[in-house]
Amino acid sequence: MSNLEMIKRTSRNAESDECYTPVNQVSPLLEYLDKGKTYYEATSGKSSAILDGFSEAGYNMVGSQGKDFFDCEPDDVYDGIITNPPYSIKDKFIEHCYALGKPFALLLPVASFQGAKRGRMFMEHGMSTLVYNNRVDFTGGGSPHFGVAWFIHGFLPPNTIYWVDNPK
């Protein structure tokens, strides 16, 4: 896939939603989570890479098993939500995560820091991040053109930024 094709896919449309998380990208997040808790992967119907990463590290995670995330209630998401949501509806995901009242970590483009609706939610509820020191290669083709970070609420102190190495 060319950089131009990837740029077109990571804009504000459903075509941008096909950036599946490489298994190793959960490792920087794990040190901030309680291994005794159970986490919910809200988009595992499309890809199981986050589930696989948690399982390989000995953490408890339950997949969505096809359930629509927006139909979830607080008890459905166990002790917190960990997912790489579809970028075209990231605001809707963030809003629903806050409404559920459980901790969450969403792998989102770094540009997600900006946006009137997101910014208002972040200021009202708080948002912390794990920012990689380099970009995640979603395609395996090298030269990724956009950066991502784990946007986190409830697992870290509010409004903090942590810099982490991107596992290779």
Can you tell if the side chain of [X] reaches within under 4.5 Å of the side chain of [Y], non-hydrogen atoms only?
X	Y	result
F54	I82	yes
Y32	W150	no
I94	F151	no
I152	T129	no
D76	K67	yes
M61	T38	no
P85	L108	yes
Y98	M127	yes

Fill in: Distance-only donor-acceptor check, side chains Q114 and S112, under 3.5 Å
no
Where is the tightest heavy-atom contact between [X] and [Y], given as atom of each residue plus distance?
X	Y	answer
L100	V77	CD1-CG1, 4.0 Å
V131	W163	CG1-CZ3, 3.1 Å
A57	L30	CB-CD1, 3.3 Å
P157	Y162	CD-OH, 3.5 Å
A42	I81	CB-CG2, 4.4 Å
N84	L107	OD1-O, 3.2 Å

Worksheet item: side chain to side chain contact (heavy atoms under 4.5 Å, CB included) with S128: which residues, sequence neighbours excluded?
Response: L156, T160
Practice prompt. For D68, check side chain to side chain contact (heavy atoms under 4.5 Å, CB included) against everything at least two apart and list the hits.
Written response: F70, D71
Worksheet entry | Stepwise salt bridge (charged side-chain N to carboxylate O under 4.0 Å, His left out) check, D91 with K117 | CA-CA 7 Å; D91 288 352; K117 185 174 185 174; 5.6 Å; no
Worksheet item: Do the two ring centres, one from Y39 and one from F155, sit under 6.0 Å apart?
Response: yes
Fill in: side chain to side chain contact (heavy atoms under 4.5 Å, CB included) assessment of N133 paired with V164
CA-CA 6 Å; N133 63 350; V164 297; over 6 Å; no
Practice prompt. Using atom types as modelled and distance alone, determine if a side-chain donor or acceptor of H153 lies under 3.5 Å from a backbone N or O of G101.
Written response: no
Worksheet item: Are T43 and S64 close enough, and set up right, to give a side chain to side chain contact (heavy atoms under 4.5 Å, CB included), and what steps lead you there?
Response: CA-CA 6 Å; T43 62; S64 63; 5.9 Å; no
Discussion item. Closer than 4.0 angstrom, basic N to acidic O: yes or no for D79 and K102?
Written reply: no
Worksheet item: More than 12 foreign heavy atoms under 6.0 Å from OH of Y78: is that the case here?
Response: no
Straight-line distance of [X] [atom1] to [Y] [atom2], nearest 0.5 Å:
X	Y	atom1	atom2	answer
E56	S27	CD	OG	10.5 Å
E41	L51	CD	CG	5.5 Å
K37	K35	NZ	NZ	15.5 Å
R120	E95	CZ	CD	13.5 Å

Worksheet entry | Geometric class of the F93/F69 ring pair [parallel <30°, tilted 30-60°, perpendicular >60°] | parallel
Worksheet entry | Verdict with supporting geometry, K90 and R118, side chain to side chain contact (heavy atoms under 4.5 Å, CB included) | CA-CA 9 Å; K90 61 186 164 290; R118 282 186 300 282; 3.6 Å; yes
